[in-house]
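Please read the structure below before turning to the comments.
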Amino acid sequence: MFRHGYDSYLFHAGQKDELRPLSCDGRGHVHRTRGTLDDSLGGYRLTLIDSLDMLALHRNFTAFYAAIEEVRSTVRFDRDVFVSVFEANIRVLGGLLAAHQLASRFQALLPTGWYDGFLLHKALDLGQRLLPAFETPTGLPYHRINLKTGRIAPREKKQTCTAAAGSLLVEMGLLSRLSGDMRFELAARRAVDALWEGRSELNLVGSIIDINTGRWTAHHTGVGAGVDSFHEYLYKAHVLLKNSTLGAAFNESYTAVQRHCLWKPTQSMHRNFQKAARRNRSADAWYMHLGDHESAHFLIEVDMHRGQRSPHGSIVSSLQAFWPGLQVLAGHASDAEDGYAHLLALWGRYRALPELFDVSAHNGAGSLLRHGRDSPLRPELIESTFHLFEATRKSTYLLAAKEMLHAIQNSSKVECGYAAIADVASGRLDDRMDSFVLSETFKYLFLTFDSSLPPAERSSLICADEQESQSRRRAATPHQGNSTRMPPITAAVGVDGSGRLDDLGVRADCLRKEEFIFSTEGHILLIP
């Protein structure tokens with residue numbers, strides 16, 4: 001799947017940012033016709049950069065080398081174009097940093113002496129061009145900035161959503177740690193602090209905030225669009241940057257969300273949902289009954305000050321499907337399974353997860369929204385499926401991944417790539433293949449199936465558990481006692497790419513799971 005999508009992009013749209021799989025050509029930054037959807041386009045070969053670490057993850061270091069050389073020779077950021085700070089950060093800056101770390105870590109699998117760290121210099125160039133966006137009274141960044149001039153977009157709104165302003169710290173923090181220039185981490189951290197300091201007495205943040213005054217202009221909150229990755233990056237920045245303050249903030253925000261945003265349908269609502277599913281010929285599918293147990297639930301939006309006493313409708317966003325995966329990472333696998341059940345059932349109703357769905361409409365039968373009937377092959381539900389399978393090893397999640405793979409192949413595969421679904425009810429396709437389809441959706445599918453194989457048959461760059469256990473035993477030293485912590489792996493140890501152990505007894509040709517995190521864009525970022 002990845003190869004078909006990636007090769008189609010290179011052949012039909014290689015010099016553009018994204019592939020148009022129905023037109024068999026590329027979408028660039030010059031002719032913008034889709035409003036904010038085009039804010040991610042910057043004329044910097046977005047899909048290529050976003051896909052770099054996936055090539056390494058497949059152990060296709062020949063293609064990884066070739067793609068990095070393409071970036072070296074064709075990508076520049078001094079372009080007179082306004083881009084989303086958020087999208088440029090997670091997709092482009094994150095893609096460059098991930099590729100830099102993997103190229104440095106696995107130099108022995110690349111041409112001798114070839115990699116000189118130039119991707120980090122490109123990341124620094126981009127980071128510096130994004131910094132002027134943070135020059136506001138509160139430190140909360142403007143949404144869009146001109147890469148060449150540093151100017152803010154004309155008539156740019158003075159409001160930004162919590163996710164856009166508060167999901168920059170992982171990439172910006174890593175850029176600072178790798179370069180020694182702390183301006184990036186400090187700017188992104190100031191924005192996070194401004195948002196968290198504005199939380200309500202319930203420890204909930206709003207969804208839209210004024211960047212000049214720091215006052216909330218939209219008080220509804222949840223884990224869907226507008227807020228989603230803020231929660232995610234409190235946790236992941238805590239892990240990546242080893243910051244306990246961020247970890248404590250995440251624990252408070254997590255507890256607040258679970259307490260105040262959780263919504264359980266009544267038994268009659270659940271029956272009506274199942275009746276509606278019969279009309280879609282999906283009611284008898286095994287995955288439609290995961291939500292039958294009484295602890296299954298949805299998370300909805302509520303008022304940040306009143307919580308469940310003041311729900312903000314009952315709309316479920318496809319973006320919130322990341323939450324069970326985050327719960328697994330944070331040690332709440334049981335809660336994750338409960339929340340995942342209804343999301344999978346909703347996916348099963350259309351064999352795709354609609355962007356927006358009203359779960360309480362028609363007394364629980366539910367309803368698509370006119371402006372949220374599409375499904376752009378987002379990764380969030382598959383991401384949670386992967387993490388749940390990794391944590392539980394239950395066949396339920398492997399089967400779910402198989403169903404999703406078949407659905408994408410049967411519904412979205414076209415001659416020139418994979419097309420998003422414009423309407424989940426009719427199956428009509430849309431002429432778009434967002435870069436995250438390659439960088440995340442297919443990555444988590446691949447990793448789910450790869451991790452289900454016996455260790456000797458796995459092909460990903462991530463160490464199998466048995467390899468990790470062997471590495472820990474070999475690396476143990478008397479002064480460590482019973483600790484399972486390992487010495488850090490660096491590119492300087494003896495690595496020859498053959499699969500042999502280095503002089504510490506550590507597998508040098510694979511990544512241990514505790515060595516890295518996945519960014520919100522699915523990039524593999526090594527913990528410095």
Side-chain angles (χ1 to χ4, degrees), residues 83-94 97 123-147 150-153 156-200 203-218 221 226-253 256 304 517 519-521 525 528:
V83 299
S84 162
V85 174
F86 168 72
E87 298 291 357
N89 176 76
I90 65 168
R91 298 201 204 192
V92 185
L93 184 60
L97 292 173
L124 271 168
D125 180 26
L126 177 58
Q128 289 166 352
R129 295 175 186 277
L130 299 179
L131 276 181
F134 293 87
E135 295 174 3
T136 66
T138 61
L140 294 165
Y142 282 96
H143 176 63
R144 292 186 299 162
I145 193 170
N146 187 287
L147 288 180
R151 291 187 295 109
I152 304 305
E156 180 73 359
K157 294 180 179 179
K158 300 302 188 292
Q159 292 85 36
T160 188
C161 72
T162 299
S167 306
L168 307 169
L169 184 53
V170 163
E171 289 82 5
M172 289 283 192
L174 183 57
L175 179 59
S176 284
R177 300 299 174 96
L178 295 177
S179 69
D181 186 341
M182 295 305 295
R183 291 179 299 160
F184 309 104
E185 181 174 339
L186 292 174
R189 178 60 190 272
R190 185 185 176 202
V192 170
D193 289 345
L195 293 166
W196 185 239
E197 288 168 5
R199 67 192 184 278
S200 72
N203 285 328
L204 295 172
V205 295
S207 56
I208 301 178
I209 193 167
D210 188 299
I211 62 175
N212 286 330
T213 66
R215 294 174 181 169
W216 298 106
T217 59
T221 190
V227 189
D228 50 354
S229 51
F230 172 75
H231 300 290
E232 179 183 7
Y233 267 25
L234 283 179
Y235 177 78
K236 291 184 176 179
H238 148 65
V239 175
L240 185 76
L241 305 177
K242 304 179 180 69
N243 188 295
S244 59
T245 302
L246 293 171
F250 169 77
N251 288 333
E252 291 183 30
S253 73
M304 64 183 288
I517 65 166
S519 75
T520 194
E521 187 68 9
L525 301 178

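Remember, it's a predicted structure, so these values are computed and weren't measured experimentally.
- In this structure Ser519 satisfies the side-chain hydrogen bond (donor to acceptor under 3.5 Å, both in side chains) test with no other residue, sequence neighbours excluded.
- In this structure the side chain of Ile211 never reaches within 4.5 angstrom of the side chain of Phe134, judged on heavy atoms.
- For the atom pair CG of Asn203 and CD of Glu252, the computed distance is 4.5 Å after rounding to the nearest 0.5 Å.
- At a threshold of 4.5 Å between non-hydrogen side-chain atoms, the residues Ser253 and Tyr235 do not count as touching.
- How far OH of Tyr233 is from CZ of Phe250: 14.0 Å, rounded to the nearest 0.5 Å.
- Proximity of Thr213 to Thr138: side-chain heavy atoms (C-beta onward) are nowhere separated by under 4.5 Å.
- The shortest non-hydrogen separation linking Phe86 to Ser167 is CE1-CB, 3.7 Å.
- The shortest heavy-atom contact between Leu175 and Gly127 is CD2-CA, 4.1 Å.
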Worked check of side chain to side chain contact (heavy atoms under 4.5 Å, CB included) between Leu241 and Val170: CA-CA 8 Å; Leu241 305 177; Val170 163; over 6 Å; no
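- With hydrogens and angles ignored, the 3.5 Å screen pairs no side-chain donor or acceptor of Ser176 with any backbone N or O of Gly180.
- Remark: side-chain polar atoms of Ser244 are not paired, donor with acceptor, to backbone N or O of Gly247 under 3.5 angstrom.
- Scored by the side-chain hydrogen bond (donor to acceptor under 3.5 Å, both in side chains) test, Gln159 finds no partners at all (sequence neighbours excluded).
- Of all non-hydrogen atoms in Gly139 and Ala191, the two that sit nearest each other are O-CB, 3.7 Å.
- Remark: Ile209 CD1 to Leu195 CG distance equals 5.0 Å, nearest 0.5 Å.
- Residue Lys157 qualifies as open at atom NZ: its count of foreign heavy atoms under 6.0 Å is 12 or below.
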Check against side chain to side chain contact (heavy atoms under 4.5 Å, CB included), Leu204 and Arg199: CA-CA 5 Å; Leu204 295 172; Arg199 67 192 184 278; over 6 Å; no
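- Looking only at distances, a side-chain donor or acceptor of Arg129 sits under 3.5 Å from a matching main-chain atom of Leu147.
- The closest side-chain heavy-atom distance from Thr221 to Ser207 is not below 4.5 Å.
- Atom CD of residue Glu171 and atom CG of residue Asn89 lie 4.5 Å apart, to the nearest 0.5 angstrom.
- In this structure, Ile145 and Ala133 approach most closely via the heavy-atom pair CD1-N, 3.4 Å.
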Side chain to side chain contact (heavy atoms under 4.5 Å, CB included) between Met172 and Leu130, worked out: CA-CA 10 Å; Met172 289 283 192; Leu130 299 179; 4.1 Å; yes
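- Note: Arg190 CZ to Leu168 CG = 14.0 Å, rounded to the nearest 0.5 Å.
- A distance-only check finds no donor-acceptor pair linking the side chain of Ser229 to the backbone of Thr520 [under 3.5 Å].
- Minimum interatomic distance between Pro137 and Asn212 (heavy atoms only, all atoms of both residues): CD-OD1, 3.3 Å.
- With a 4.5 Å cut-off on side-chain heavy atoms, Arg144 and Val85 do not count as touching.
- Here Leu240 contributes atom CG and Ile517 contributes atom CD1; the two are 4.5 Å apart, rounded to the nearest 0.5 Å.
- Closest heavy-atom contact between Gln128 and Phe184: N-CE2, 3.6 Å.
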Step-by-step side chain to side chain contact (heavy atoms under 4.5 Å, CB included) determination, Tyr142 to Glu156: CA-CA 8 Å; Tyr142 282 96; Glu156 180 73 359; 3.8 Å; yes
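- Remark: Arg189 engages Leu169, Asp193, Asn243, Thr245, Leu246 in a side chain to side chain contact (heavy atoms under 4.5 Å, CB included) (not counting sequence neighbours).
- A distance-only check finds a donor-acceptor pair linking the side chain of Ser200 to the backbone of Met304 [under 3.5 Å].
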